[in-house]
Amino acid sequence: MGFIQRKGVRLGIAAMASLVAVSALVYQTSNAAFTDTTDNAGSSWTAGSVTLTDDDGGSAMFTSADMVPGDAVENCITVDYTGSTFDLDQVKLYGSVTDNGLGGELDLVVEEGTGGGFGDCTGFSPAQTVFASNTLNAFGAAHSSYANGAGGYTPASGSTSRTYRFSVTLGTDTPNSAQGTDATATFTWEVQSA
């Protein structure tokens, strides 16, 4: 009797193992199907560039020495946008002034236009006045960063350059106490992406 029970158990286990094997085979067979894929390869992203250049060749616009009341000097400089993106805010002009007694006596006019270039304003044609006749010190105080920069043009494809004419005059009412004094300035053009 014990032998028959063991044999029945063995047969039951063998039958269960066969059932599992057949089920796995049926599962594998039922999963066989036609397949296909498609993809999109080579996606890429590149940042644009925002680049301003000027034609000063690393030289200062002015190195005026021994000025006396009434003396006037002018110079032009061309600023060119050479970046790859045109989603931009305006190009603005600002500056920093170091006044050693003369900054309040120098009258400054800045115009923006076309024609001319660094060291030679021949052919310059003004489109707007960026800074009206006021002192160098007043320019530095009013326009000290991009946020309060003067002027402004937005570069567009095919129209990326502007020339600026700076006219500086030592006022005729400059006091005698200004003798031997000086002032220096750095002018900066900046553009930001929108």
Side-chain angles (χ1 to χ4, degrees), residues 48-100 102-174 178 182-194:
S49 63
V50 175
T51 308
L52 281 179
T53 59
D54 64 57
D55 65 344
D56 66 9
S59 299
M61 271 195 291
F62 299 101
T63 53
S64 302
D66 299 324
M67 292 183 77
V68 296
D71 279 357
V73 291
E74 73 173 23
N75 200 351
C76 287
I77 185 170
T78 299
V79 175
D80 190 32
Y81 176 74
T82 59
S84 65
T85 182
F86 288 94
D87 184 16
L88 301 167
D89 284 333
Q90 295 181 331
V91 175
K92 296 182 183 178
L93 167 66
Y94 57 90
S96 62
V97 176
T98 302
D99 178 25
N100 294 312
L102 200 60
E105 306 302 330
L106 293 168
D107 293 321
L108 173 66
V109 177
V110 182
E111 300 164 287
E112 178 190 289
T114 57
F118 189 77
D120 184 3
C121 292
T122 302
F124 176 77
S125 177
Q128 69 169 324
T129 299
V130 172
F131 185 74
S133 186
N134 207 329
T135 67
L136 182 63
N137 281 353
F139 177 86
H143 306 294
S144 59
S145 69
Y146 183 79
N148 60 17
Y153 77 95
T154 304
S157 181
S159 178
T160 60
S161 295
R162 292 293 186 277
T163 300
Y164 294 81
R165 180 167 63 188
F166 285 70
S167 302
V168 182
T169 304
L170 183 58
T172 55
D173 58 350
T174 300
D182 64 72
T184 59
T186 297
F187 298 104
T188 302
W189 288 264
E190 182 176 343
V191 65
Q192 298 181 358
S193 59

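Val110 is listed as a side-chain neighbour of Leu93, based on a closest heavy-atom distance under 4.5 Å. For the pair Phe131/His143, a side-chain contact is recorded, criterion being any heavy-atom separation below 4.5 Å from C-beta on. Considering only heavy atoms from C-beta on, Thr154 stays 4.5 Å or farther from Val91 through its side chain. In this structure, the side chains of Asn134 and Asp107 stay at 4.5 Å or more apart for every pair of heavy atoms. Considering only heavy atoms from C-beta on, Tyr81 comes within 4.5 Å of Val191 through its side chain. Annotation: side chain of Leu106 is not in contact with side chain of Thr169 (no heavy-atom distance under 4.5 Å). Contact of the Leu170 side chain with the Leu102 side chain is registered, since non-hydrogen atoms from C-beta on lie closer than 4.5 Å.
Taking the six-membered ring for Trp and the full ring otherwise, the centers of Phe187 and Phe139 sit less than 6.0 Å from each other. You'll find the ring centres of Tyr164 and Trp189 inside the 6.0 Å limit.
Considering every non-hydrogen atom in both Ser193 and Asp89, the closest pair reads O-OD2, 4.0 Å. Nearest heavy atom pair, residue Cys76 against residue Thr163, reads CB-CG2, 3.9 Å. Across every non-hydrogen atom of Gly117 and Asn75, the tightest pair is O-OD1, 4.4 Å. Residues Gly151 and Lys92 approach most closely at O-CG, 4.5 Å, considering heavy atoms. Across Thr172 and Gly70, no two heavy atoms sit closer than the pair CG2-CA, 3.9 Å. Contact between Gly104 and Asn137 at its shortest, heavy atoms only, is N-ND2, 3.1 Å.
Without hydrogens or angle criteria, Thr129 side chain to Ala132 main chain gives no donor-acceptor distance under 3.5 Å. Side chain of Ser49 to main chain of Ser84: a donor-acceptor pair is present (N/O by atom type, distance under 3.5 Å, no hydrogens or angles).
Here the CE-CZ distance, from Met67 to Phe62, works out to 9.0 Å after rounding to the nearest 0.5 Å. The line from CD1 of Ile77 to OG of Ser59 is 9.5 Å long, rounded to the nearest 0.5 Å. Atom OH of residue Tyr94 and atom OG of residue Ser144 lie 9.5 Å apart, to the nearest 0.5 angstrom. Residue Asn100 holds its CG atom at 6.5 Å from OG1 of Thr184, rounded to the nearest 0.5 Å. Here the CG-CG distance, from Leu88 to Leu52, works out to 9.0 Å after rounding to the nearest 0.5 Å. Rounding to the nearest 0.5 angstrom, the gap separating the CG atom in Leu108 from the OG atom in Ser167 is 8.0 Å.
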- Go through the steps for Tyr146 and Gln192 under the test side-chain hydrogen bond (donor to acceptor under 3.5 Å, both in side chains), then give the verdict. CA-CA 9 Å; Tyr146 183 79; Gln192 298 181 358; 4.8 Å; no
- Query: Does the salt bridge (Lys or Arg N to Asp or Glu O under 4.0 Å) test come out yes or no for Arg165 and Glu111, once each step is laid out?
  - Reply: CA-CA 5 Å; Arg165 180 167 63 188; Glu111 300 164 287; 2.9 Å; yes
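Under the rule for a salt bridge (Lys or Arg N to Asp or Glu O under 4.0 Å), the partners of Glu112 that lie at least two apart in sequence or sit in another chain are Arg162. Residues passing the side-chain hydrogen bond (donor to acceptor under 3.5 Å, both in side chains) test with Thr122, sequence neighbours excluded: Asp120.
Side chain to side chain, Gln90 and Tyr153 fail the donor-acceptor criterion of an N or O pair below 3.5 Å. Thr78 and Ser161 form no side-chain donor-acceptor contact under 3.5 Å, judged by distance and modelled atom types alone. A donor atom on one side chain and an acceptor atom on the other are found under 3.5 Å apart for Thr160 and Asp80.
Screening residues 49-68 for salt bridge (Lys or Arg N to Asp or Glu O under 4.0 Å) gives no qualifying pairs among residues at least two apart or on separate chains.
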